[in-house]
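Basis for what follows: all heavy atoms, side chains included, without hydrogens, waters or symmetry-related copies. Every chain is numbered from 1, with letters handed out A, B, ... down the list of sequences.
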Amino acid sequence: MSEEKSLNFLEEIIEKDIAAGVNNGRVHTRFPPEPNGYLHIGHASSICLNFGLAKKYNGQCNLRFDDTNPSTEETEYVDSIKADIKWLGFEWSNELYASDYFEQLYQFAVKLIEKGLAYVDDSSAEEMAEQKGDIGKPGIDSPYRSRTIAENLQLFQDMKEGKYPDGAKVLRARIDMTHPNLLLRDPIIYRIKHVHHHRTGDKWCLYPMYDFAHGQSDSIEEITHSICTLEFIHHRPLYDWFIEQLGIFPSHQYEFARRSVSYMITSKRKLLQLVNENHVTGWDDPRMPTISGMRRRGYPAAAVRQFCEMIGVAKRENLVDIGVLEFCVREQLNKTANRVMAVLDPVKVILTNYPEGQSEVLMADNNTEDENAGTRELTFGRELYIERDDFMEDAPKKFFRLAPGLSVRLKHAYIITCNEVIKDANGNITELHCTYNTESKSGNDTSGVHVKGVIHWVNAATAVPAEVRMYNRLFTVEDPANAEGDFKDHINANSMEVNHGAFVEPSLLKAQTGNQFQFMRKGYFSVDRDSTAEKLVFNQTVGLKDTFAKEMKK
RNA sequence: AGUCCGAUAGUGUAAUGGUAACACUACAGAUUUUGAUUCUGUCAUUCUAGGUUCGAACCCUGGUCGGACUACCA
C-alpha cells in the first residue's frame, strides 16, 4: 500500500472494520440525493467521499435517489444529478430508488404494528407538536397510543387504500414520549399524500417518511458504511432501533461535518430562490456553486476532485476559503489549457516603420507546460491591439510595460518602442504610434536588446470580436448563509460584467463549447454554450495570479 | 433547559502517550519571451484549569466557547 498519506477518520473506521473482518471485509457505500434540486459543491465532496472510499477499498457505491416525498421531486433533477456525477468522473454500481422499496417498507411497518411497536394516530399536526414536549421537557402520550394491534392493522390498511384524506391519520413508531432525543418521541413513519409520484405514479397515497426509508434502504442494499452529514447524527439511534426491531442487515451510519466554502451558499432552498427570482440565469449559471454551474464556468472535474481531496473531511465546523478551489482550478488548467491571445480592453497600436499592407506569419507554442500541445500560426501586421492598461503615460519605475519612450516585447513577435500618443478631443488615448525592432523577432532575436516586459496583442486585420463574461463572487460577504439579515441582501450586484468589446486571435474561431483556454496574462476562459459562429462568447473561469496588481494597490 | 457533536498557524487538515506538521494564504527572493508557471526561504498553531504519567494536542475531570436537534421536509 502507498500509505504515505495519513487516513481521515472514515478511512480509519473502514480499515479497522476490514482488519476485524466485519462484513467479511466488504465495503459498500452509497450516494443518496433527493431529486429536488441540482447538485452543488457540497454534494461534490460527498460524492468524492462515497465513491472515493468504495474505489479505494475495492468496494461498491450505489446511487440511490431518496424519493419519498413526491410533492417536491422531479425527473428533471434525476437526470441532472446523474449527468453531474458522471461528469465528476464516477460510476455507480447500481442505480436505485427508495421508491423501489415502497412495498417492502410497507411490510416493515406492518411488522412493527404486529409487534405492538407502531400505531395509527388521528391527532392533528398541532396536537402532536403539543404532545411532543420540548427540549428539556418530556412529551406526553397521544390518546391514540393504546389502540389495539388489530385496530392499527385495519386502520393502516385503510390508509393505504385511500379511505382517508391527506393529514387525517399518520402511522407512528411507539418508542418513548419522554426520550431526551426528540427524534425518538414516537416519530411519524408514514403519512397520507394523494400525490402523483415521479416513478410509482398513482400506486400509493401513503408515503414513508425519510427516517423510515433511509436507514432501511441502506439495510436492504447491505450498505456497510453509510456516510452522511453531522445533522443526521441524532437520527442514528432511530435507524438502529428500526434495524434492531426489524431484525434486518445492520448498516452503520457515520457522520462528517459538511464543508462550507466562503462566498457560496449550498442551501437548496436558497439556490432555488436565486434561480426562481432571476438573480442568476439558471441552475447552471457560471456564478452558481452548482456542479453544472462550475462545469459551465470552465472548472475542470479534476479540479473539483482535487479540491475535495485537499480540504479533507472531519467533524468540526468549517469554512473553506474559496481561494483553495480557485487554486485547484488554476493548477489543473495550467497543465491542460492551451494559451491564446485575447485583448479584453483594446487600444490600437500602429507600427510606423512596418510597411503598409504587409503581414507575416509567426509560430507560437500552445502550451509550454505541455510539450504535446503543439504550435499554431499567428499573423502579424502594421496595426495591432494591445491591452489598454499595458500602457501608461506616466509610468512608475517598476512598470515593465509600454510607455512613451519605453520598449516591450510583443509575445511571440517583436520588441516595440512607443514614440507617440494620439488622443481625441476629450484626452482619451486612441492610438499609440510605435516602431518595431526589425532584428528582434521571437526565436530569432539578433538585436541584443533586452526588455523586462512581455505583453500580449492581436493583429487588428485578423482579430475576431468576442463577448467575454467576467465574474466576481456572487456574494459580498464570506459567509452569506450566516450573515446578518436575508442572504439576498448580500448578493453582489457586480457579480457578472459583460464585455462586448474584446478581440481574440482568429484560431479561436474553431473553438467548441466547453473548450478551455488561457488568455495569456489574463486568466482562464471557456467557450460558453451561448457561443455561435457569428458571435463568440467566453466565460472567465478564473483569473491568473496577479502579483503586479497587488503591488500596485499598495 | 435536556441530549449529542466539536475546539491544533489567517483557512483547511495531520500528528492516535515520545521533537507539533502538510497544503492554501501572506511576505521575501531566484528563474521566466505570460509580473503566470517553477524554485528557495520567512512569519505564524494545540480553548482553559486541574489530574494521570518519566513524558499529554492525544487519556481522565471540571469549566469556557461554538454547533446540531423540538417539519405529516430530506
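Closest to the side chain of N334(A), from the set U8(B), G66(B), U37(B), is U37(B). Nearest nucleotide to the K315(A) side chain, out of G35(B), U33(B), C5(B): C5(B). Among the nucleotides C24(B), G12(B), G66(B), the one closest to any side-chain atom of V320(A) is G12(B). Here A23(B) is the nucleotide among A23(B), U3(B), U33(B) with the atom lying nearest to any side-chain atom of M310(A). Distances from the side chain of F399(A) to the nucleotides G35(B), U32(B), C4(B) place G35(B) closest. Set against G2(B), U32(B), G35(B), the side chain of P180(A) has G2(B) as its closest nucleotide. The side chain of K411(A) has U34(B) as its nearest neighbour among G35(B), U34(B), C24(B). Taking the side chain of F400(A) as heavy atoms from C-beta on, and the options U34(B), C4(B), G35(B), the nearest nucleotide is G35(B).
Donor-acceptor pairing under 3.5 Å is recorded for the side chains of R30(A) and S226(A).
Between F503(A) and Y385(A), the distance separating the two ring centers is shorter than 6.0 angstrom. The six-membered or imidazole ring of F525(A) lies near that of F519(A), with a centre-to-centre distance under 6.0 Å. Taking the six-membered ring for Trp, F256(A) and F9(A) have ring centres at least 6.0 Å apart. Between F380(A) and H412(A), the ring centre distance reaches or exceeds 6.0 Å. Aromatic ring centres of Y190(A) and F156(A) lie closer together than 6.0 Å. Ring centers of Y144(A) and Y119(A): at least 6.0 Å apart, outside the cut-off. Aromatic rings from Y299(A) and F307(A) are positioned such that their centres are separated by 6.0 Å or more. Between Y210(A) and F232(A), a ring centre-to-centre spacing shorter than 6.0 Å is recorded.
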Between protein and nucleotides 70-74 of chain B, what N or O pairs are separated by less than 3.5 Å?
from   : atom 1 : to      : atom 2 : distance (Å)
U70(B) : O2     : D134(A) : OD1    : 2.2
U70(B) : N3     : D134(A) : OD1    : 3.4
C72(B) : N3     : G167(A) : O      : 3.4
C72(B) : N4     : S123(A) : O      : 3.4
C72(B) : N4     : G167(A) : O      : 2.8
C73(B) : OP2    : R191(A) : NE     : 3.2
C73(B) : OP2    : R191(A) : NH2    : 2.8
C73(B) : O3'    : R191(A) : NH2    : 3.2
C73(B) : O2'    : N69(A)  : ND2    : 3.2
A74(B) : OP1    : T68(A)  : OG1    : 2.8
A74(B) : OP1    : R191(A) : NH1    : 3.4
A74(B) : OP1    : R191(A) : NH2    : 2.8
A74(B) : OP2    : Y210(A) : N      : 3.0

Show each protein N/O and nucleotides 25-29 of chain B N/O combination with a separation under 3.5 Å, one pair to a line.
from   : atom 1 : to      : atom 2 : distance (Å)
A26(B) : OP1    : K550(A) : NZ     : 2.4
C27(B) : OP2    : K550(A) : NZ     : 3.4

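A donor-acceptor contact under 3.5 angstrom links the side-chain atoms of E317(A) to the base of G66(B).
Taking atom P in both C24(B) and U38(B), one finds a spacing of 9 Å when rounded to whole Å. Here, A9(B) and A57(B) have their P atoms 14 Å apart, quoted to the whole Å. Separation of the P atoms belonging to C27(B) and U37(B) is 13 Å when rounded to the nearest angstrom. G41(B) sits 31 Å from U48(B) when the P atoms are compared, rounded to a whole Å. Here, U42(B) and A7(B) have their P atoms 30 Å apart, quoted to the whole Å. The C1' atoms of A23(B) and U45(B) are separated by 15 Å, rounded to the nearest whole Å. The same atom, C1', is picked in C43(B) and in U11(B); the two are 16 Å apart, to the nearest Å. C65(B) sits 26 Å from A21(B) when the C1' atoms are compared, rounded to a whole Å.
Screening Y77(A), F31(A), Y97(A) for a ring pair (Phe, Tyr, Trp, His ring centres under 6.0 Å) involving F65(A) leaves a single residue, Y97(A).
In this structure a side-chain-to-backbone donor-acceptor pair under 3.5 Å is present from H43(A) to H40(A). Not a single donor-acceptor pair under 3.5 Å links the side chain of Y164(A) to the backbone N or O of V170(A).
Annotation: proximity of residues 369-379 of chain A to RNA chain B (heavy atom, distance under 4.0 Å) is found for E369(A), numbered in ascending order.
Smallest separation of non-hydrogen atoms from N318(A) and S260(A): OD1-N, 3.2 Å.
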- Start with the C-alpha distance between K132(A) and K137(A), add both sets of side-chain angles, then the distance that settles side chain to side chain contact (heavy atoms under 4.5 Å, CB included), and finish with yes or no. CA-CA 9 Å; K132(A) 185 148 197 168; K137(A) 181 180 142 224; over 6 Å; no

- Could you encode protein contacts along nucleotides 40-47 of chain B as a string, one character per nucleotide from 5' to 3', using B for base contact, S for sugar-phosphate-only contact and - for no contact, with a heavy-atom cut-off of under 4.0 Å? --------

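Every residue two or more places apart in sequence or in another chain that forms a side-chain contact (heavy atoms from CB on, under 4.5 Å) with A395(A) is listed here: M392(A), F399(A), A403(A).
Projected onto RNA chain B by closest heavy-atom contact, L410(A) and N8(A) fall at different nucleotides, the more 5' of which corresponds to N8(A).
Consecutive pairing runs in RNA chain B reach the stem threshold at B:2-7 with B:64-69, B:10-13 with B:21-24, B:26-30 with B:38-42, B:47-51 with B:59-63, where a stem means at least three Watson-Crick or G-U wobble pairs with distances under 3.5 Å.
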